[in-house]
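Sequence lines set the chain letters: A, B, ... in the order given, protein chains first and strands last, and positions in each chain run from 1.
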Protein chains: 2
Amino acid sequence: MMRFAASLMLCLCSIQAAAAPRGTGDLGVVIERATGQVLVVEHSTDTRLAEIDGLGDLSHASVVFSRDARYAYVFGRDGGLTKVDLLDARIVKRVMQAGNSIGGAISQDGKLVAVSNYEPGGVKVFDAASLDLVAEIPAEYAPGSFSKTVGLVDAPGNRFVFSLYDGNQIWIADMTDPEKPSITRFKDAGKAPYDALITPDGRYYIAGLFGEDSLALVDLWHIEKGVKKILAGYAKRDEQLPVYKMPHLEGWAMAGEHVFVPAIGQSKVLVVNARTWEQETEIDVQGQPVFVMARPDGRQVWVNFAFPNNDQVQVIDVESHRVVKTLAPGKSVLHMEFTPRGEKVWVSVRDDDRIAVYDTYTLEQLKVLPALKPSGIFFTDRAHRTGL
Amino acid sequence: MMRFAASLMLCLCSIQAAAAPRGTGDLGVVIERATGQVLVVEHSTDTRLAEIDGLGDLSHASVVFSRDARYAYVFGRDGGLTKVDLLDARIVKRVMQAGNSIGGAISQDGKLVAVSNYEPGGVKVFDAASLDLVAEIPAEYAPGSFSKTVGLVDAPGNRFVFSLYDGNQIWIADMTDPEKPSITRFKDAGKAPYDALITPDGRYYIAGLFGEDSLALVDLWHIEKGVKKILAGYAKRDEQLPVYKMPHLEGWAMAGEHVFVPAIGQSKVLVVNARTWEQETEIDVQGQPVFVMARPDGRQVWVNFAFPNNDQVQVIDVESHRVVKTLAPGKSVLHMEFTPRGEKVWVSVRDDDRIAVYDTYTLEQLKVLPALKPSGIFFTDRAHRTGL
């Protein structure tokens, strides 16, 4: 009997040690780059829930979520792909899938996770449950020549879209048969694509080009039309002005009929017509913009900046194009993430080791959370959106 | 020792009976109207998880979700407001908050749940955690005259918007101070508003009018502009044609620059310009449309129909305006809900006691689930969206 009771107690303890049930719709992950850690957080009452280490090199790390919003897939710079259980606050599995990689995506059906690799150049596709390798797509753009891949996104129809930096191409991988991806290749898509975005409806894929003075656009509803060049002059810039940081293309804000785009090397946000893809006007801001992000209702756009103006955030009114507020969250603001319905925004302040939470209506700071050199912030509602 | 072991066993059992941890991003609720029950379901593998009874009169029932996606708030026709724990599959609390009610909403910050009542006429606001009454907004449109309230939605800025059927008014309640709502009243908003919608960005509130041949629109970015009448002729109809069912205004599909609107009493879907609010064209369909719903990527619109054509669903291609497929899910199709990223759609087939799940790309039926006279289907990603 004694033994029976003891085994019961053991069993009881292990049950108690496991995660308590809770909703996962308000969870998130914050990258702590310097220490290879992530914070698990929740944004209903804005608290830290756990800290997890052992994720490797997290510079330029990004995160996607399982469709049940329980698991985070963290893409590290070192080729590490780590599946984190947000409820248990532990690493479920970690694979070193390449030597050097940048970004990833999860398929529309949630069954496949893809990673974009520099070395060896190409995309690898994993089973989202097991992290077993399902398919490899080497970016061989000419016999024996492999390209770094960049700008990998998911698209409707269980497709992945990505660009070949060295190959000057854009590829669409249809994963209907996961083990045999069907690839559509756009050759001569533009010189040296370095990053890309997909519009929130999943229709337009836009790649930034290092080697040209425009961007490459693919209409995924009409791939037969090929690649169209848009926003000629976007990359043209005053050679006198140093470019402190190339803005992320993910940092474009879609707000109603307009897209708010960070200028390259200039203290400006460009306002672009989302139908014609032509610039309509520009807005002066206090530094070179990095992320230009729309509050979910499209009423405001929030902007952070490159060095040396990276201690401020500016809030732009979408209708009047005016800067309505300049905030000073602290030293080196790296990223911003809105709560799903936009009432709050979390801002990572790397060099002050903290996250600042703002009310997006009063523009007052609500709370400060400690974090070790925080960079990217990712909330689980991304699980339900395309291209995030 | 024996007693100790026994009490441990008891304790163990109760822990095992409690919910296992799981993500809540892929959960949902199906209304089983006839029996006052709801099904808890998940759409990753399309299964039923639990059935919960005791929810009262669920005709015309609707559901919103807590911001952590763990709890469903079910609004019944009998004035019952029921908070359901999806993980534990049980009723947490149920209040009979009025004698007769229609619909509800959850505030942007997730802290307040509002219910729209016919009897007594007005809106009641409850604490989302405790279901304690926080505020009452009697719909007194003239001294001693109270109106039925309809078309209640949440709006950005922690506001609720609703219409007074008998009072011909539209009211905006700003819940910044939850106990003292600040009310903006639009008098003479139009005759007999009977239902309403808010656009996905939370900007435009549109009420259908029984007593007029147009709809009432409020631009929530510019409430100083008052109410504008749009779509003149919408309610005008051939008196020879019976109207089998007034289409829901929630059943309007926003797809890119167009809104797809069910015609009243005609076998047509109207295509309306979302900027001018003028009709551009119309699409012939096989019956009087009830719900006209856009796949999340805006590429397709799915339509169900009123009696006697309610055994079919038609799929419209948004670009060509053509009906690309007519499906026959079964007898009396009442509602449709897309998975968050749109790869599947669940269809409730009341008189065949089942739910049919379709692949929205192949348009093939993937699965059938049994359900007792199912009506509304609601997935938890609604927690993260405005006006749902």
Side-chain angles (χ1 to χ4, degrees), chain A residues 1-2 4-5 8-9 11-12 15-16 18-27 42-44 65-71 85-88 107-110 154 156-158 176 201-203 221 255-257 275 295-299 319 339-344 361 380-381 383-386, chain B residues 1-2 4-5 8-9 11-12 15-16 18-27 42-44 65-71 85-88 108-110 154-158 176 201-203 221 255-257 275 295-299 319 339-344 361 380-381 383-386:
Chain A
M1 191 63 235
M2 196 70 178
F4 178 56
L8 259 179
M9 284 181 79
C11 178
L12 186 66
I15 288 174
Q16 285 183 325
R22 62 157 293 151
T24 56
D26 59 348
L27 297 184
E42 62 80 27
H43 55 68
S44 286
F65 295 96
S66 61
R67 73 194 298 295
D68 65 356
R70 175 172 185 170
Y71 300 99
D85 182 341
L86 302 180
L87 286 175
D88 272 341
S107 61
Q108 183 182 28
D109 66 5
D154 59 279
N158 238 38
T176 303
D201 60 2
R203 177 165 182 180
W221 289 17
E257 301 156 37
R275 270 182 308 284
R295 196 172 70 178
D297 67 349
R299 185 78 176 91
E319 218 171 16
T339 53
R341 287 164 70 190
E343 76 280 14
K344 294 183 283 196
Y361 290 84
T380 54
D381 62 293
H384 310 308
R385 307 189 199 267
T386 293
Chain B
M1 193 62 236
M2 195 70 179
F4 178 55
L8 259 179
M9 286 182 75
C11 179
L12 186 67
I15 288 173
Q16 286 182 323
R22 62 157 293 151
T24 56
D26 59 348
L27 298 183
E42 62 78 30
H43 56 68
S44 285
F65 295 96
S66 61
R67 75 194 296 296
D68 65 356
R70 175 171 184 170
Y71 301 99
D85 182 341
L86 302 180
L87 286 175
D88 271 342
Q108 184 182 29
D109 66 5
D154 58 279
N158 238 38
T176 302
D201 60 2
R203 176 164 181 179
W221 289 17
E257 303 155 36
R275 272 183 307 286
R295 197 172 69 179
D297 68 348
R299 186 78 176 91
E319 218 170 18
T339 53
R341 288 164 70 190
E343 77 279 14
K344 293 183 283 195
Y361 290 84
T380 55
D381 62 294
H384 310 309
R385 307 188 199 267
T386 293

Chain B contacts, top residue of Ser66(A), Gly298(A), Ala69(A), Ser44(A) (heavy-atom pairs, under 4.5 Å): Ser44(A)
When His384(B), Arg341(B), Glu343(B) are compared by non-hydrogen pairs under 4.5 Å with chain A, the top option: Arg341(B)
Reported OG1-to-CG distance for the pair Thr24(A) and Leu87(B), which is rounded to 0.5 angstrom: 8.0 Å
Most contacts with chain B, counted as non-hydrogen pairs under 4.5 angstrom, among Ala255(A), Gly110(A), Ser107(A): Ser107(A)
Side chain / backbone / both / neither for Arg203(A) at chain B, heavy atoms under 4.5 Å: side chain
Among Thr386(A), Asp297(A), Asp109(A), residue most engaged with chain B (heavy-atom pairs, under 4.5 Å): Asp297(A)
Thr339(B), part contacting chain A, at a heavy-atom distance under 4.5 Å: side chain
Top contributor to chain A interface from Asp381(B), Asn158(B), Leu86(B) [non-hydrogen pairs under 4.5 Å]: Asp381(B)
Shortest non-hydrogen contact from Tyr361(A) toward Gly157(B): OH-N, 3.2 Å
Engaged part of Glu42(B) at the chain A interface, taking heavy atoms whose separation is under 4.5 Å: neither
Asp68(B) side, atom CG; Thr380(A) side, atom OG1 - distance, nearest 0.5 Å: 9.5 Å
Contacting moiety of Arg275(B), where chain A heavy atoms sit under 4.5 Å: side chain
